[in-house]
Amino acid sequence: MTSTSSIRNESLEQILAGVGGKNNIKLVTHCITRLRFVLHDESLINKTAIEGLDFVKGTFVTNGQFQIIIGQGKVDSVHDALIAYAGLNQGTKNDAATAAEQKMNWIQRMVKMLADIFIPLLPAIVTAGLLMGLNNLLTEKIFANHQSIVDMLPHFAPIASIIQLIASTAFVFLPGLVGWSAVKKFGGNPLLGIVLGLMLIHPDLLNAWGYAAAKLKGDIPAWHLFGLTIEKVGYQGQVLPVLVAAFVMVKIEAWLNKRIPDAFKLLVVAPITLLVTGFLAFIVIGPITFAIANGLTFGLVFIFTKFALVGGLVFGALYAPIVITGMHQSFLAIDFQLIASTGGALIWPMVALSNIAQGSATLAMMILARDEKIKGLALTSAISAYLGITEPAMFGVNLRFKIPFFCAIVGSALGSALIAINHVTASAIGVGGLPAFLTIFPQYWLVYFMAMGIVIIVPFLLTLAFAKKINWAGN
């Protein structure tokens, strides 16, 4: 057990030495489980020294920050002790993110922007996904006689209908949620972002999910304005149109705020901002981004249709390394687009398998480990990964000892290949790991459970098989 005095002395000094000394620290803050450092020179980091502390579960560098995984509750006391001991410059998570962003290239900044927009939406999205899975259990014909629970027990039909309504709300009004989060991220008025998003799915517009059928019939409503024909089409489930429109709206709002006197801002800025953005959204932004999004959808569907085996193997193998870079957050936007365009997510099922694979490799490490700290860390991290949170497993155990990380990648690639060649899709995005099967369309459950078996067994057995090659020093 680490005492308060040791935290204030030997351990704190060890942390300072591990990050290159006090003078190398630009800013330090913390989140629920991690200390976050923005450093002047990341080459001075000594991970081994820091990971030797008994309360440290792992370390990693991502998005311009060096992060030390400590755990809920404990991280608060370590952070406060470190600030008091060294007189460091502390800040908020936003301060750290802003400082770290200055060290990123444009691709990293773009990915971080998407993460900052979509991560605040995860509670609503994950909840909706779980409820959608519950609705699938009730309404899909999953029994041998091709009947659903609702078919066999009709009095459950109203319950299923209400669950479906609650579950689908976040997805139906997704542009409103994205508009709020995007405008907040870009520095505008979040309320205008909500209005912008809801404007793009107004009931007077043709529902985007009915666009293809209406086009075949030649029955698409339109505005005829100054010689232009503007289709009255909504953007239900779409993210790219509202993202671009939100960015444009914030720029217009900022331009007006600089030029309109304070006395007239309430009457002028918001109305003009929404009016101009609205016209641009329906005339220019919407049609262009809709075409781009459809092109992206076509490309992904083509790859996973014509080259499913290769696509599944490659994505399953690369997803965990992509997580290390932080670029995996961009897949949320892609899956939302796939759900809106094709009715199902291709990527999410493979993401969930990767979570399980990392947990299985970590569980094997729990069995192999002789050190009680590593054994305990591996057990809790494996459970976390099986429930969709892979950070402790990846950074605290698997990457640290390397072999289990690569064993997990092999299992993930094989499992992903199996579901890719069988075109497994999910109805929504929910909790990762083992509970993810709830979001998979029931007709794919059998093959998905087979893939789950692969990512549970293969990484576990491979890690045990290569036990003699593991460097227990963790470097």
For [X], give me all partners under side chain to side chain contact (heavy atoms under 4.5 Å, CB included), at least two apart in sequence or on another chain.
| X | value |
| --- | --- |
| V284 | I288 |
| K251 | F247 |
| I283 | L225, L228, I230, F279 |

Original post:
Going through the checks in order, is the side-chain contact (heavy atoms from CB on, under 4.5 Å) test met by L438 and L134?
Top reply: CA-CA 7 Å; L438 291 170; L134 178 58; over 6 Å; no
Subject >> Those residues that, when tested against K22, pass salt bridge (charged side-chain N to carboxylate O under 4.0 Å, His left out) (two or more places apart) >> reply: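 So K22 forms no salt bridge (charged side-chain N to carboxylate O under 4.0 Å, His left out) with any residue.
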So which atom in [X] and which in [Y] form the shortest heavy-atom distance, rounded to 0.1 Å?
| X | Y | result |
| --- | --- | --- |
| N355 | G432 | OD1-CA, 3.6 Å |
| S412 | G316 | OG-O, 2.8 Å |
| G188 | E253 | CA-OE1, 3.4 Å |
| V455 | G411 | CG1-O, 3.3 Å |
| A320 | I409 | CB-CG1, 4.4 Å |
| K184 | P190 | CB-CG, 4.0 Å |

Donor-acceptor contact present, side-chain [X] to main-chain [Y], <3.5 Å:
| X | Y | value |
| --- | --- | --- |
| T127 | A124 | no |
| W445 | F437 | yes |
| N398 | Q358 | yes |
| D41 | S43 | yes |
| S168 | L165 | yes |

Under a 4.5 Å cut-off applied to non-hydrogen side-chain atoms, are [X] and [Y] in contact?
| X | Y | answer |
| --- | --- | --- |
| F405 | P321 | yes |
| S360 | I356 | yes |
| I117 | F186 | yes |
| W180 | V178 | no |
| M452 | L434 | yes |
| T59 | I45 | no |
| I252 | T277 | yes |
| F304 | M350 | yes |

Going by the angle between their ring planes, with limits at 30° and 60°, are [X] and [Y] parallel, tilted or perpendicular?
| X | Y | result |
| --- | --- | --- |
| F307 | F302 | perpendicular |
| Y235 | F290 | perpendicular |
| Y444 | F441 | perpendicular |

Subject >> Partner residues of T425 under the side chain to side chain donor-acceptor pair (under 3.5 Å) criterion, sequence neighbours left out >> reply: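 With sequence neighbours excluded, T425 shows a side chain to side chain donor-acceptor pair (under 3.5 Å) to no residue whatsoever.
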**OP:** Taking side chain to side chain donor-acceptor pair (under 3.5 Å) as the test, write out the residues that go with W348, two or more places apart.
**Re:**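 Counting only residues at least two positions away or on another chain, W348 forms a side chain to side chain donor-acceptor pair (under 3.5 Å) with T439.
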**OP:** Decide yes or no on side-chain contact (heavy atoms from CB on, under 4.5 Å) for T229 and W223, but give the supporting numbers first.
**Re:** CA-CA 6 Å; T229 299; W223 292 293; over 6 Å; no
What distance do [X] atom [atom1] and [Y] atom [atom2] have between them, rounded to the nearest 0.5 Å?
| X | Y | atom1 | atom2 | answer |
| --- | --- | --- | --- | --- |
| M394 | L399 | CE | CG | 5.0 Å |
| M132 | F171 | CE | CZ | 5.0 Å |
| L318 | L313 | CG | CG | 10.5 Å |
| T273 | N257 | OG1 | CG | 7.0 Å |
| I15 | H79 | CD1 | NE2 | 11.0 Å |
| L200 | L205 | CG | CG | 8.0 Å |

Subject >> Trace of the side-chain contact (heavy atoms from CB on, under 4.5 Å) decision for L39 with L44 >> reply: CA-CA 9 Å; L39 305 174; L44 299 179; over 6 Å; no
**OP:** Check the pair I68 / I50 against side-chain contact (heavy atoms from CB on, under 4.5 Å), numbers first and verdict last.
**Re:** CA-CA 8 Å; I68 303 175; I50 295 174; 3.8 Å; yes
**OP:** Run through V351, I347, D335 and flag the one making a side-chain contact (heavy atoms from CB on, under 4.5 Å) with I429.
**Re:**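 Exactly one option meets the side-chain contact (heavy atoms from CB on, under 4.5 Å) with I429, and it is D335.
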